[in-house]
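The chains referred to below are lettered A, B, ... by the order of the sequence lines, with proteins before strands, and numbering in each begins at 1. Heavy-atom basis, side chains included; hydrogens, waters and symmetry copies ignored.
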Amino acid sequence: MLLIAGIIITLLALELRRRVIWFHTDDFVSYFDQHENCIQTPFYYSIVKFLGYITEIPYHGMKWLSVVADIAVAACSIFILGKSGEEMQKFILYTACLLGPVFFIRGSVWAREDAVATAFILIAHWMMKSYGNKKNKKRYIWMAVSVLLTGLGIAFYPFSTLLVILLNIYGEGEKSRVRTYVCIISVAIAICVNIITGQQQGLVCGQSIYAMFRFLSYDPVSGQKYASAVVWLYHLFLLSGYSISLVTVWGAYRKKISIYVPIIMQFAVMICYGTALGWC
Amino acid sequence: MKKHTFWCWIIILTFAGIILRWTGIGYEGVDYQNCLSEWYAQLKEVGSLQALTQFKGNYNLPYATALLILTYLPVSPLAGIKMLSIIFDFLSAAVLMTIVRNCSREKSELKGLITYGLVLCSPISIINSAYLAQSDGIYAAFTFLSFWLILKNKPIKGMAAFGCALAMKLQAIFVAPILVLIYFCKKKFSALHFLWIPVTIQVLCIPAILAGCGWDIAIRIYSRLMGEYPYMYYYYPNLWTYFQGMPYYAFGKYAMMFTFGILLLFCILVVKSKRQIDTCDYLEYFCCTAMTCAMFLPCMHERYNYIAEILIISLAVVKPRMRMPAIILNLASLQCYLQSFFWTPYNYVSPYLLAAVNLGVYTYVMITCIRELWKEREDNAENREETDYICGKTHVVDSRNHNNFTGTGA
């Protein structure tokens with residue numbers, strides 16, 4: 001019964017996302033026009049260029065990528081966190097990750113890259129947890145793939161480093177030393193990937209590295225420096241809203257926090273998104 | 001309680017309900033002035049069944065037929081339209097009284113009496129029927145009747161009552177989730193019984209069909225009504241109050257599917273808990289599902305949570321933890337009614353605040369309900385584990401009744 005319900009939920013989620021593919025927000029151009037001081041990385045623009053070969057409008061390509069990523073994030077959440085015998089809880093977690101308004105709006109409506117980067121990181125984490133612990137020779141291959149995927153996730157959306165750090169602090173199974181090395185090597189891979197892709201776009205080394213940290217200082221739409229601390233905090237909250245919502249859902253699933261926390265967080269993040277998009 | 005005491009109180013409360021409603025019988029609300037009086041006049045002008053073919057109102061034709069019948073009666077249009085709704089207020093109160101009497105084992109008659117009084121004298125109910133001349137009381141009465149009849153294993157009558165409710169107003173669809181839940185939990189009737197719903201609607205549309213409307217008149221009117229208000233927020237303080245700028249064409253379907261997702265989750269949780277569900281529990285689930293629809297569906301008017309607002313009153317009588325939510329929800333709705341229909345500058349409360357209150361009440365009601373279900377589910381899982389663990393003698397501890405059953409197992 002739960003399997004059938006899960007399929008229904010997946011189809012529902014796909015249909016919902018399909019319906020908003022043609023919808024665009026007022027600020028969508030800013031995320032694709034490589035304006036001065038944009039917060040997107042060279043690797044992001046390489047992916048956008050690649051998507052241009054698949055869909056006519058790269059904006060749609062990013063949305064479809066987010067659709068796949070949303071399902072991957074939901075699936076990885078239950079694979080990583082789920083324990084056997086907890087079928088009902090896993091089903092609720094899966095539904096929350098797919099139908100949660102924050103996850104729906106951020107990727108499929110707003111065409112932002114949070115879900116894609118999170119999917120990379122979660123797949124890597126799941127690989128490390130499932131295969132990286134086994135004592136055989138293939139273990140190192142899985143670990144290498146996992147580190148590479150994590151690095152690509154950070155290269156795509158540097159803000160997701162926060163998620164990597166959280167997963168590695170609270171992750172289970174690996175020794176803390178291994179987790180620290182994973183973090184460091186992943187960041188190094190992310191920097192290298194951005195340098196390589198930046199060079200293809202005519203950027204020097206320093207510009208490519210600096211592009212990974214511009215989200216800390218510049219408005220993503222206008223490319224201007226943040227006018228005040230309040231505006232800076234607001235934009236950081238917008239950037240971290242997806243990760244915070246996801247982590248609170250996980251926390252409630254693991255009964256580390258009250259069920260009210262993810263509900264309030266989803267609501268708060270939605271209000272912020274709504275304000276940014278002119279809906280509130 | 002003695003029988004004659006009970007009936008004395010019923011008579012007193014009935015009179016109280018009539019007097020309270022009589023205070024508003026002469027009031028002409030905006031909807032009456034702009035819509036109902038015009039439709040009445042149009043029907044009266046034609047005078048025959050033909051009037052139904054020219055009916056331009058946004059109500060379904062069974063209600064138009066009722067209005068047409070009123071034109072033949074020697075009553076003023078205002079009083080006639082209001083009396084039609086008021087009669088069904090009493091039916092609602094009577095049905096809910098019966099349900100509550102069956103919920104509780106102790107002091108059932110007293111609780112039933114309290115329910116009857118509270119529902120009848122509820123400000124929401126009085127304003128809706130007696131002041132604003134709305135028909136929410138009519139479809140609500142039929143939905144409560146439908147719910148009760150299906151619980152009593154009378155599916156044909158229950159589905160017919162639901163068909164009547166749906167024929168009166170499309171908002172009766174909020175009851176569908178609980179009927180589906182009862183179907184899956186009780187498994188006491190066939191899915192084919194649901195076919196009585198369209199049959200009933202068609203039967204009620206017979207006068208209109210005889211007048212010359214098409215066979216599909218009910219479907220055509222529903223299709224028109226569903227697309228009539230393409231806004232996420234339409235004055236009911238729910239989640240979409242905060243996102244009024246969201247375009248309906250892009251997010252309307254998301255809101256509907258999100259609501260469907262929550263209802264699906266809830267129903268699965270109830271069914272999988274394998275709980276022994278009694279009437280009181282079904283009443284609570286009815287309230288939860290009705291509130292879910294009002295909180296998350298788009299284009300909700302102020303009056304669309306009427307069913308839940310009345311239900312939560314009866315629920316508060318049997319479950320003490322519902323008392324505060326019932327008071328808060330009804331106060332918030334009362335404020336919404338007052339500022340929508342009786343607006344004065346000094347009684348204005350921000351719709352954002354009202355929405356926060358509504359969402360807070362809804363969250364509390366749902367989470368407490370789900371926690372009980374979850375606990376039941378975990379208790380059942382423990383019982384099953386204990387049975388599996390001990391080999392030889394099967395020793396089952398029923399945690400609910402604290403009985404021990406011992407028998408020889410394989």
Side-chain angles (χ1 to χ4, degrees), chain A residues 1-6 8-26 85-89 91-101 103-105 108-110 252 255 258-264 266-268 270-280, chain B residues 184 231-233 238-274 295-296 351-352 355-356 358-360 362-364 366-371 373-374 376-378 380-382 384-385 388:
Chain A
M1 185 195 192
L2 285 178
L3 182 63
I4 295 169
I8 292 172
I9 293 291
T10 309
L11 292 172
L12 212 66
L14 281 171
E15 172 60 17
L16 281 173
R17 283 156 171 82
R18 185 195 69 82
R19 282 182 173 272
V20 294
I21 285 294
W22 283 95
F23 175 82
H24 65 83
T25 54
D26 293 337
E86 288 183 343
E87 307 311 322
M88 188 67 204
Q89 289 94 314
F91 172 72
I92 293 172
L93 176 65
Y94 183 75
T95 308
C97 290
L98 269 189
L99 292 186
F103 313 124
F104 172 68
I105 290 172
S108 308
V109 175
W110 210 347
K255 294 180 185 166
S258 161
I259 187 70
Y260 291 104
V261 173
I263 293 170
I264 293 168
Q266 287 266 332
F267 184 68
M270 268 183 74
I271 293 280
C272 285
Y273 285 175
T275 313
L277 294 170
W279 296 337
C280 293
Chain B
F184 279 109
Y231 308 105
M232 294 300 289
Y233 165 73
N238 61 6
L239 178 68
W240 308 114
T241 310
Y242 300 101
F243 305 99
Q244 296 179 37
M246 255 185 178
Y248 178 81
Y249 72 90
F251 296 100
K253 287 284 184 292
Y254 171 77
M256 291 181 213
M257 291 189 189
F258 181 67
T259 310
F260 175 76
I262 294 178
L263 290 169
L264 180 67
L265 253 173
F266 183 74
C267 291
I268 288 173
L269 197 57
V270 171
V271 171
K272 293 290 262 182
S273 73
K274 295 197 190 328
M295 290 300 144
F296 297 112
Y352 300 115
N358 279 343
L359 287 168
Y362 169 74
T363 308
Y364 173 78
M366 275 300 261
I367 286 181
T368 47
C369 181
I370 287 171
R371 274 204 175 128
L373 282 168
W374 205 262
E376 186 76 27
R377 195 172 166 274
E378 283 177 350
N380 285 340
E382 276 173 19
R384 278 195 299 275
E385 275 176 22
D388 292 340

Legend entry - Check against side-chain contact (heavy atoms from CB on, under 4.5 Å), B:W240 and A:W279: CA-CA 10 Å; B:W240 308 114; A:W279 296 337; over 6 Å; no
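A distance of 7.5 Å separates OG1 of B:T363 from OH of A:Y260, quoted to the nearest 0.5 Å. B:K253 NZ to A:L12 CG: the interatomic distance, rounded to the nearest 0.5 Å, is 12.0 Å. To the nearest 0.5 angstrom, A:L277 atom CG is 10.0 Å from B:F243 atom CZ.
Only the side chain of B:L264 comes within contact range of chain A, judged by heavy atoms closer than 4.5 Å. The contact between B:Y249 and chain A is made entirely by side chain atoms (from C-beta outward), counting heavy-atom distances below 4.5 Å. Heavy atoms of B:L359 lying under 4.5 Å from chain A belong exclusively to its side chain. Of the atoms belonging to B:I370, not a single heavy atom falls under 4.5 Å from chain A. With a 4.5 Å cut-off on non-hydrogen atoms, B:I268 touches chain A through its backbone and its side chain both. For chain A, no part of B:Y352 is nearby; none of its heavy atoms comes within less than 4.5 Å. Of the atoms belonging to A:L2, it is side-chain heavy atoms, and not backbone ones, that fall under 4.5 Å from chain B. When heavy atoms are compared at a cutoff of 4.5 Å, A:I9 approaches chain B solely by way of its side chain, counted from C-beta outward.
Ring geometry for A:F104 versus B:Y254: interplanar angle under 30°, hence parallel rather than tilted (30 to 60°).
Contact between A:M88 and B:L265 at its shortest, heavy atoms only, is CE-O, 4.3 Å. Here the closest non-hydrogen pair linking A:I105 and B:M246 is CD1-CE, 3.9 Å. The nearest pair of heavy atoms linking B:A250 to A:F23 is CB-CD1, 3.6 Å.
Most heavy-atom pairs under 4.5 Å with chain A: of the set B:Y233, B:F260, B:Y242, this distinction falls to B:Y242. Interface summary for chain B: among A:L16, A:I263, A:T95, the most heavy-atom pairs under 4.5 angstrom belong to A:L16.
Applying the 6.0 Å contact sphere to CG of A:L11 captures more than 12 heavy atoms from other residues, nucleotides or ligands.
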